[in-house]
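Below is one structure, written out as structure tokens; the observations come after it.
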Number of protein chains: 2
Amino acid sequence: MKRKITLKQIAKELDVSVSTVSKALKDSAEISVDTKEKIKAFAKLYNYKPNNIALSLKNRKTKTIGIIIPEIVHHFFTTVIRGIEHVANEKGYNVIICLSNNSFDKEVLNLEFLANGSTDGFIMSVAKETQQKEDYHHIKEVISQGMPVVMFDRVIDEVICDKVVISDKHGAFEAVQYLIDLQCKKIALISTVDYVSVGKLRTAGYKEALTTNDLEVNEDLILKIEDVDHSQEKIEEFLKGKDIDAVFAVNEQFAVNAIKALTKLGKKVPNDVSVIGFTDGVVSKSFIPSLSTVNQHGEDMGAKAAHLLIERLESETEEQIFQTTVLDTSLIIRDSVKK
Amino acid sequence: MKRKITLKQIAKELDVSVSTVSKALKDSAEISVDTKEKIKAFAKLYNYKPNNIALSLKNRKTKTIGIIIPEIVHHFFTTVIRGIEHVANEKGYNVIICLSNNSFDKEVLNLEFLANGSTDGFIMSVAKETQQKEDYHHIKEVISQGMPVVMFDRVIDEVICDKVVISDKHGAFEAVQYLIDLQCKKIALISTVDYVSVGKLRTAGYKEALTTNDLEVNEDLILKIEDVDHSQEKIEEFLKGKDIDAVFAVNEQFAVNAIKALTKLGKKVPNDVSVIGFTDGVVSKSFIPSLSTVNQHGEDMGAKAAHLLIERLESETEEQIFQTTVLDTSLIIRDSVKK
DNA sequence: TTTCAACACGAAAACGTTATAGTCGGTTTT
DNA sequence: AAAACCGACTATAACGTTTTCGTGTTGAAA
């Protein structure tokens, strides 16, 4: 088995110096045409490709960007990855993905790994556990060491870096406003616990929509779910006997579960109760009735994040001004709301 | 902004040599306790962490494994990634993911990138376009250069390496057999075009189940879909007026679309027609009726692939015997088949 | 006093590149 | 014919590590 060939081996084989080979392959004018051709032919024959690691070390840049996300089996995150990947590749960057599995410790490890030379910068959405602990020293640390970081979706205010978020609050507002415009008066909210930043924001949007329309915020109509795995039962229990005409859920799963629970309780969606979810995933389209949702445009988000990061990587100046890009959501109305 | 500190800087600062610093940090017996403590304290203060790139170059191993998949916004692949990631991390490896977007050219680029020093080996599922072209020289090339490769799901017989597949044919067989046991006689198949290896295998399983039970294979009951994006219309058209009592679909999407089409055509699932899909995704569980499927155990698949790869990476001997692991599927019966 | 370990450290090579700065024989310039 | 130049190379340093092989200074044994 032939091992990957190096410049040194080519040089030895052709009895020239390493520098000559390097230059010849870069088509340098310093090398005679004859020699260049000879070297190129030989290199091609042995399928020479420069070693990335060596290049990275030499150039002190890896042309690689890291992604740290809490979970990969998750439609939204994969769309973001796709967006990142797309623009990264376009700009000649590769992508390395690390999963925190929503664990703080793993996030710290990932960060350390990515920051120790493996990448030029990274894009991350913080783990749930991290948001709960409110411990962001690891992120601040790498930033202070000069590693550019872009946060998306679950961002942290106290960490100073570029950020890309959607207008969670406004997206929720619009959804609830839509329900109100349909004459819904008793709108339930199914949200996550407050330390998840996006859950909190969406809850705020819900409340604002109500108060703006002079509707009372009734805490009895608000459910905050901690444990996603048992959401179905929680939601059933919550909806039982509630007199409502609409449900706004902060994610797709909760919305689907709500519809199932409602159906079980003998209520028809959308005739008796309208339902709007958040995040447009695969289920939303397929579900019957198809789900109305607030679309987060994950791919755009990833693309924007990648642009921000690469721009920072390639700008000469050490710009200390950071920006937070807020992307609009859009409301996709399907069959789960009455017309 | 303090840049990442290096051994050299520490050495200079403490007025010792680089070797001393290196040894001290590794707690070498060669260095006096005093010096070691001094150096360690300093290193800790400046949060010294060795540079991965330099280590990779020196050790000629990156402790990184690559993954090349056709698509990331895809439940099955993400479960595989999760499985890979899990065992990789356990064994001290990191994971770098490249997407081919089902494009041959991009797959070639990914392969080149990963093979040029960035990873110690990789795990891949080939792009649709590659299977169509039947051009596998790029994969053979890297293998011949000594890069360990493990293929999963969409594997190529003529490429010699370790492989992990599920028993596609047998999984399909079991599903169809189940339908036959329910007294279904007119079972339609919704598959992909034949060059997609798994589609072909599942089709074979379908046919075998029929013939084993002395049922005739009726090509009129078989639909092969090329363009996934317009599958809904294709399926509707196909099912229109067909006299069938069951549908077996080779993926989740097709199964869901089939149910929708059937409903549209006035047939009840599961009372009039039973439906079984392939691949247990998010939609299967949520859908109403919930979908019976052949579960592919993606996470196990990823875990197995990672084990195979790492084992090869860490074995001294250049074992030339490759293995193909066949994982069992399991049939998950939910509401889309009559009881 | 000489010899020899033991100790504590440093120098240098190596991993694979690229860029800068030589080198050397030959040709042009004046 | 000496000075300058040019073409075609080579040597070397550098990126950040680790590791092997020194090496100079002790203190003790002979």
Side-chain angles (χ1 to χ4, degrees), chain A residues 2-40 43 46-64 112-113 115-120 145-146, chain B residues 2-40 42-43 46-64 112-113 115-120 145-147:
Chain A
K2 45 176 180 175
R3 219 170 163 56
K4 285 239 84 171
I5 198 166
T6 67
L7 286 187
K8 196 193 274 192
Q9 289 165 41
I10 299 181
K12 192 174 173 188
E13 213 64 38
L14 296 183
D15 211 34
V16 290
S17 78
V18 176
S19 357
T20 305
V21 179
S22 175
K23 285 176 183 162
L25 292 176
K26 312 213 100 162
D27 214 15
S28 158
E30 280 183 70
I31 310 297
S32 71
V33 178
D34 281 4
T35 313
K36 279 199 281 194
E37 279 182 356
K38 187 177 63 179
I39 292 175
K40 283 184 189 167
Y46 284 88
N47 195 32
Y48 171 80
K49 295 273 158 49
N51 179 302
N52 289 325
I53 297 291
L55 283 180
S56 295
L57 186 60
K58 178 113 190 54
N59 301 330
R60 291 146 117 233
K61 52 176 71 168
T62 60
K63 280 283 190 177
T64 300
E112 270 179 10
F113 168 74
N116 289 330
S118 301
T119 57
D120 296 343
Q145 286 177 349
Chain B
K2 45 177 179 173
R3 208 153 178 68
K4 283 241 84 172
I5 198 166
T6 68
L7 286 187
K8 197 192 272 191
Q9 288 165 43
I10 299 181
K12 193 172 174 188
E13 212 64 37
L14 297 181
D15 211 33
V16 289
S17 78
V18 177
S19 0
T20 304
V21 179
S22 175
K23 285 172 186 167
L25 292 175
K26 313 215 97 166
D27 215 14
S28 159
E30 279 184 69
I31 309 297
S32 72
V33 178
D34 280 4
T35 315
K36 279 199 282 195
E37 280 182 355
K38 188 177 63 179
I39 292 175
K40 282 183 190 170
F42 190 90
Y46 283 89
N47 195 32
Y48 170 79
K49 294 272 159 47
N51 179 300
N52 289 324
I53 297 291
L55 283 180
S56 295
L57 184 59
K58 177 115 192 51
N59 302 328
R60 295 148 114 226
K61 54 176 70 170
T62 59
K63 280 281 187 178
T64 301
E112 270 178 12
F113 168 74
N116 289 328
S118 300
T119 57
D120 297 341
Q145 286 177 349
M147 179 74 43

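In what follows, chains carry the letters A, B, and so on, assigned in the order in which the sequence lines appear, proteins first and then strands, with residues in each chain numbered from 1. What you see is a predicted model, and the numbers here were worked out from it, not measured in a lab.
When the side-chain hydrogen bond (donor to acceptor under 3.5 Å, both in side chains) test is applied to Asn51(B), no partner is found at least two apart in sequence or on another chain. With sequence neighbours excluded, the residues forming a side-chain hydrogen bond (donor to acceptor under 3.5 Å, both in side chains) with Ser19(B) are Ser17(B), listed by chain and number. In this structure, the salt bridge (charged side-chain N to carboxylate O under 4.0 Å, His left out) partners of Lys40(B), at least two apart in sequence or on a different chain, are Asp27(B). Glu13(B) is linked by a side chain to side chain contact (heavy atoms under 4.5 Å, CB included) to Phe42(B), counting only residues two or more places apart in sequence or in another chain. For Thr6(A), the side chain to side chain contact (heavy atoms under 4.5 Å, CB included) partners are Lys8(A), Gln9(A), not counting sequence neighbours. Contacts of Glu37(B) classified as salt bridge (charged side-chain N to carboxylate O under 4.0 Å, His left out), with partners at least two apart in sequence or in another chain: none. The side-chain hydrogen bond (donor to acceptor under 3.5 Å, both in side chains) search around Asp15(B) returns none, not counting sequence neighbours. Legend: residues meeting side chain to side chain contact (heavy atoms under 4.5 Å, CB included) with Leu7(A), ordered by chain and number and at least two apart, are Val18(A), Val21(A), Ser22(A), Leu25(A), Tyr48(A).
Atom OH in Tyr48(A) sits about 10 Å away from atom P in dG16(C), given to the nearest Å. A straight line from CG of Leu25(B) to P of dC9(C) spans 13 Å, rounded to a whole angstrom. Whole-Å rounding puts the Ile31(B) CD1 to dG10(C) P distance at 7 Å.
Within a heavy-atom distance below 4.0 Å of DNA chain D, the residues of residues 5-17 of chain A found are Val16(A), Ser17(A).
Position along DNA chain C of the nearest nucleotide to Ala54(B) versus Ala29(B) favours Ala29(B) as the more 5'-ward residue.
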Please write out each protein N/O paired with an N/O of nucleotides 19-23 of chain C under 3.5 Å, distance rounded to 0.1 Å.
residue	atom	partner	partner atom	Å
dT20(C)	O4	Lys23(A)	NZ	3.0
dA21(C)	N6	Lys23(A)	NZ	3.3

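Counting non-hydrogen atoms under 4.0 angstrom, Thr35(B) reaches the backbone sugars and phosphates but no base. Using a 4.0 Å heavy-atom distance criterion, Thr20(A) is classed as a base contact.
Between Gln145(B) and Ile5(A), the closest side-chain pair of non-hydrogen atoms is not below 4.5 Å.
Using modelled atom types, one side-chain atom of Asn52(A) and one backbone atom of Asn116(B) make a donor-acceptor pair closer than 3.5 Å.
Put simply, chain A comes within 4.0 Å of DNA chain D, heavy atom to any atom, from dA8(D) to dG16(D), going 5' to 3'.
An OP1 or OP2 oxygen of dA14(C) is reached within less than 4.0 angstrom by no side-chain nitrogen or oxygen of Arg60(B).
Residue Lys63(A) qualifies as enclosed at atom NZ: its count of foreign heavy atoms under 6.0 Å is above 12.
Two end axes, each from the C1' atoms of five base pairs, can be drawn for the helix from dT1(C)-dA30(D) to dT30(C)-dA1(D); they diverge by 80°, to 10 degrees.
Atom OG1 of residue Thr62(B) and atom CD1 of residue Ile53(B) lie 9.0 Å apart, to the nearest 0.5 angstrom.
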